[in-house]
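We're numbering straight along the sequence, starting at 1.
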Amino acid sequence: MSQLFDRFGRLMRSMVNQPGPEEPDFRDPELREAWEELEDFLSNGEAREGLKRMSQPPEELRPDYELLGIPFGATAEKIEKAYREQLRRYHPDRNMQDSRSEAEATVRTREIIAAYRRIIGWERDEKRGSTP
């Protein structure tokens with residue numbers, strides 16, 4: 001992947017030296033080569049599938065999304081909203097009718113927090129470009 005970004009960097013530098021970005025000068029062999037490589041990459045079905053996989057959460061996070069009651073791969077806003085709703089609903093302080101209800105609520109709250117942290121951790125790592 002770093003070769004692609006190196007090539008893209010050279011393409012951009014070459015385009016900056018041209019009359020206008022909408023009129024690239026394909027007489028420049030560096031520009032032509034980089035442009036063709038970028039076109040090949042973008043038209044390649046495997047590359048598109050790879051980019052799609054990178055943006056989807058790993059399958060092992062599916063139960064965490066289900067626990068929060070949201071669709072797999074939901075937006076950060078939906079994740080946050082569901083997390084807060086679930087905490088309000090299952091927080092031990094709201095379920096103090098008896099010791100059993102409180103204990104169940106405590107377990108559920110821990111599960112909700114753990115699921116949220118795993119999802120957010122993956123998203124944080126994904127934005128940084130690292131692997132979990």
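The side chain to side chain contact (heavy atoms under 4.5 Å, CB included) search around E104 returns R100, not counting sequence neighbours.
Minimum heavy-atom separation, G73 to P57: CA-CG, 3.8 Å. Here the closest heavy-atom approach between residue A76 and residue E123 is recorded as CB-OE1, 3.8 Å.
Using the six-membered ring where Trp is involved, F72 and Y65 have ring planes that are perpendicular, over 60° apart on the 30 and 60° scheme.
Sequence neighbours left out, the pairs with a member in residues 56-76 that pass salt bridge (charged side-chain N to carboxylate O under 4.0 Å, His left out) are E59-R62, D64-R118. Listed by first and then second residue, the salt bridge (charged side-chain N to carboxylate O under 4.0 Å, His left out) pairs involving residues 83-96 are E80-R84 (not counting sequence neighbours).
To the nearest 0.5 Å, atom CD1 of residue I119 and atom OH of residue Y83 are 11.0 Å apart. Here L68 contributes atom CG and K78 contributes atom NZ; the two are 13.5 Å apart, rounded to the nearest 0.5 Å.
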Can you give the donor-acceptor pairs under 3.5 Å from side chains of residues 106-114 to other protein atoms, not counting sequence neighbours?
from	atom 1	to	atom 2	distance (Å)
T106	OG1	E102	O	2.8
T109	OG1	Y90	O	3.0
T109	OG1	A105	O	2.8

